[in-house]
Amino acid sequence: MSNIQVTLPNGDVRKYAEGVTPLDIAQEISSGLARNVLAAEVNGEIRDAMRPLSSDTDLKLLTWNDRGGKSTMWHSSAHLMAEALEILYPGIKFGIGPDIDNGFYYDVDFGDHQFSADDLEKVEQKMLELARQKQEYHRKSISKEEALKYYTAKGDEYKVELISELEDGTISFYETGHFTDLCRGPHIPNTGFIKAIKLTAVAGAYWRGDEKRKQLTRIYGITFPKKKELDQYLEMLEEAKKRDHRKLGKELGLFTFSEKVGSGLPLWLPKGAELRERLESFLKKAQKKSGYVPVISPHIGQKELYITSGHYAKYGEDSFQPIHTPHEGEEFLLKPMNCPHHCEIFKSSPKSYKDLPLRLAEFGTVYRYEQSGELHGLTRVRGFTQDDAHLFCTNDQLKDEFKKVIELVLHIFKVLDFHDFTAQISLRDPDDPDKYIGSDENWSKAEKAIIEATEEMKMKTVIVYGEAAFYGPKLDFMVHDAIGREWQLGTIQVDYNLPDRFELEYTGADNKKHRPVMIHRAPFGSMERFVAVLTEHCAGRFPLWLTPEQVAILPISDKFNDHASELSYLLENYDLRALVDDRSEKIGRKIRDNEMSKIPYMLILGEQEVKKGLVSVRKHGEGDLGSMKVEDFVSLINKEIEDLLRP
RNA sequence: GCCAAUGUAGCUCAGAGGUAGAGCACUUCCUUGGUAAGGAAGAGGUCAGGGGUUCAAUUCCCCUCAUUGGCUCCA
């Protein structure tokens, strides 16, 4: 038997006999490690820890602390669930059962049986029972014909379909207990690693994501190696529920919806509207510094406008239907985008290269007929306001302009404390060229500009194919919210196509006509979505400069109500937002209520304070800060705001 | 748009074939209290909307609308 060389991540090189398994190696390092090894990364590929090594390898042992370890465990959990389901519901058919970011799911065809959320507990119990048996996951390879025969006999047309599409040759199967599944693997050594199980949801899902095909029952779940970790996970879900912007929006009086107004059409309440206005003026100020100029365009435009832009051909069917003028029968559309209007603004007068870059900014409200099932709080609505701008520039200016926009977006994220985000370069889907308009040459130029700009700014990016807009590639900023979900917020797009379609031109230094390039950009994305994500991000405790009410003045008793009103006028003169809680309640009650409504500061006003001309200050979440002069309190607050706005 | 669940007071929710209940919020009164819930009384609902079954429907059935969780989609 020949020797093989195994290199561990710390650079350690060890020699073993061929056929050694990663699990053996773990055992040699320490039995504690061996008990925790879920899988192994062999030359970069994740494999079963019990699969023998046959040549020299770079080896990394994966535990629960590694993403690969978690994925393997969850994937194995999907098998465990399938086994439990097959025992409980004989004759059911299986689609696919992968691991996902937070757990796993399996798509199942229950036939005539109606599986409901009430049945989940029963399945969990069965899974725990099977897990305790420490069933091993056995890998075996069989031929394609054999595999087809197996599933044809079993009557599982989904697996038959999957296998038929595989390349000829051997196919790997995994066997756990009495359950056998077509599977590439890898898997954990045995089901005993799965100590805590929670099946989280039941939902319909189309077979292979195709809405024309049968809908299967998808069961979601998550598992952990320790009961404690499951508890923590459930706590995190609770926390996410508390942070849900739909709940907080209601509680804080930010926005509402009305059946009568229509679904997906948010109504901003005074506090929400003021908060949004503050965000808008914050951005306007930053934009003014960066040379943007404001424009305003109407909510509708002639259908012809969107035929020119290409939006009508692409989205006309899925939009609100055209509005007709009563006599002439002209057709107008609710605007789904601001860019066509801005192109017309560009065209309103002849442009010289000296006019460029021209940066037209507008908080433009647009309307899109989103599918009813897609609507969700403020994050997905049918009428929303984009913090839109279109930058028209020369080819030479493009990269610099693009970089300046990135700087602006990063500045905004910094001020609003979004540190956890991904910059995603969204390119064309190479397999579906018909989805896009414009020439290959234009697309390549645009893609190159984005990639070079991000490289020059040394940004960490991920490239995702198929996520581009139909007219051009994008740089999207995805931030993470309380539940770890990703939301797309800001977006920057390079566009050579609309300038072509609108035949935009400027006169160059050479006295010839040239076509400008366009950058679409929206740092917030939409005001609605941004406020939603921000609300969840800060759990309703908005930064001091944004929050609807900054200070609550709490008189100790009714006797001091007048003093309290005077103080509130005084604070208003200092440009602070204050309210007076003049209810005939005890101070403890007032503190509790204002604490719960997340007011950043409380000022307590009683005999002592009035006598000495002081205020007693309480900070949300921190408590008593002692008493101070009003002027000192005002500078305290202003300092905090200043620090927040200049991170 | 598709599948499923849900829709009862401002909010959170209970309830049941015989025309509705709790807690909080609200109003009034009492209390004027020093750092996270003082007390009492009161008001508030076409039980999402529309049909049907029934002597009787908020409850059972159908349709519509909305919400939620997924799927698909996202200029």
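By convention in this document, chain letters (A, B, ...) are assigned in the order of the sequence lines, proteins followed by strands, and residues within each chain are numbered from 1. Note that this is a predicted model, so its numbers are computed, not measured.
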A:K93 and A:E157 ion-paired at < 4.0 Å: yes
Sugar-phosphate only, base, or nothing, as touched by A:I556 at under 4.0 Å among non-hydrogen atoms: base
Length of the CG-C1' vector between A:D581 and B:A36, whole Å: 13 Å
Touch class at under 4.0 angstrom, heavy-atom based, for A:S616 against every strand present: base
A:E609 (side chain) and B:G34 (base): donor-acceptor pair under 3.5 Å: yes
Sugar-phosphate only, base, or nothing, as touched by A:E251 at under 4.0 Å among non-hydrogen atoms: nothing
Side-chain donor/acceptor of A:S263 to base of B:U67, under 3.5 Å: no
From B:C71, B:C74, B:A36, nucleotide with atom closest to A:R368 side chain: B:C74
A:F255 CZ - B:G10 P separation (whole Å): 19 Å
Between P of B:A36 and NZ of A:K619, the distance in whole Å: 18 Å
Side-chain heavy atoms of A:I599 within contact of A:V551, under 4.5 Å: no
Full working for side-chain contact (heavy atoms from CB on, under 4.5 Å) between A:M337 and A:S309: CA-CA 10 Å; A:M337 285 291 279; A:S309 71; over 6 Å; no
B:U35 OP1/OP2 closer than 4.0 Å to side-chain N/O of A:Y601: no
Distance-only side-chain donor-acceptor flag, A:T422 / A:Q424, under 3.5 Å: no
Closest to side chain of A:I591, choosing from B:C74, B:U35, B:G1: B:U35
Candidates B:G34, B:G69, B:G33 - which lies nearest the side chain of A:S557: B:G33
Below 4.0 Å: OP1/OP2 of B:G69 and any side-chain N or O of A:R246: yes
Candidates B:A75, B:U32, B:A66 - which lies nearest the side chain of A:K559: B:U32
Rounded P spacing from B:U46 to B:U68 in Å: 24 Å
No-H, no-angle donor-acceptor pair, A:Y206 side chain to B:G1 base, under 3.5 Å: yes
Integer-rounded Å distance: B:A75 P and A:N497 CG: 15 Å
Sugar-phosphate, base or nothing in reach of A:K590, heavy atoms under 4.0 Å: nothing
Side chain of A:D558 (C-beta onward), nearest among B:G34, B:U35, B:G33: B:G33
Modelled atom types, side-chain donor and acceptor of A:Q321 and A:S319, under 3.5 Å: no
B:C73 - base-pair partner by Watson-Crick or wobble geometry, distances under 3.5 Å: none
Proximity to the side chain of A:E259 - top-ranked nucleotide from B:G1, B:A66, B:C71: B:A66
Atom P, compared across B:A66 and B:U8: separation rounded to whole Å: 16 Å
Watson-Crick or G-U counterpart of B:G42, or none if no pair lies under 3.5 Å: B:C26
Whichever of A:A469 and A:V202 has its nearest RNA chain B nucleotide further upstream toward 5': A:V202
A:Y220 vs A:E585, nearer the 5' end of RNA chain B by closest nucleotide: A:E585
Distance-only side-chain donor-acceptor flag, A:W207 / A:E161, under 3.5 Å: yes
Watson-Crick or G-U counterpart of B:A14, or none if no pair lies under 3.5 Å: none
For B:U68, the Watson-Crick or wobble counterpart (both distances under 3.5 Å): B:A4
Phosphate OP1/OP2 of B:G70 contacted by A:H376 side-chain N/O (<4.0 Å): no
A:K598 side chain near A:L248 side chain, heavy-atom distance below 4.5 Å: yes
Same-atom distance (P) from B:C2 to B:C73, integer angstrom: 16 Å
Phosphate OP1/OP2 of B:U12: any A:K250 side-chain N/O under 4.0 Å: yes
Sugar-phosphate, base or nothing in reach of A:R218, heavy atoms under 4.0 Å: sugar-phosphate
Touch class at under 4.0 angstrom, heavy-atom based, for A:Q608 against every strand present: base
Donor/acceptor link under 3.5 angstrom from A:R589 side chain onto base of B:A37: no
Per A:Y369 side chain, nearest of listed nucleotides B:G1, B:U31, B:C71: B:G1
Euclidean distance, atom OH of residue A:Y105 to atom P of B:A4 [Å, nearest integer]: 20 Å
Stacking check A:Y471 vs B:A75 (5.5 Å / 30 deg): no
Sugar-phosphate, base or nothing in reach of A:F257, heavy atoms under 4.0 Å: nothing
d(CE, A:M596; C1', B:A25) in whole Å: 11 Å
Within-4.5 Å side-chain heavy-atom neighbours: A:M518 and A:L391: no
Interatomic distance where NZ belongs to A:K242 and P belongs to B:U12 [whole Å]: 16 Å
Check: B:C73 base within 3.5 Å donor-acceptor of A:R380 side chain: yes
Backbone N/O of A:G626 and side chain of A:R618: donor-acceptor pair under 3.5 Å: no
Donor-acceptor pair under 3.5 Å, A:E595 side chain vs B:A36 base: yes
Inter-nucleotide P distance (B:C60, B:C11), Å rounded: 23 Å
Rounded interatomic separation in angstrom, taking CG from A:L252 and C1' from B:C11: 13 Å
Nucleotide opposite B:A9 in a Watson-Crick or G-U pair, distances under 3.5 Å: none
From B:A75, B:G1, B:G38, nucleotide with atom closest to A:Q371 side chain: B:G1
Sugar-phosphate, base or nothing in reach of A:G606, heavy atoms under 4.0 Å: base
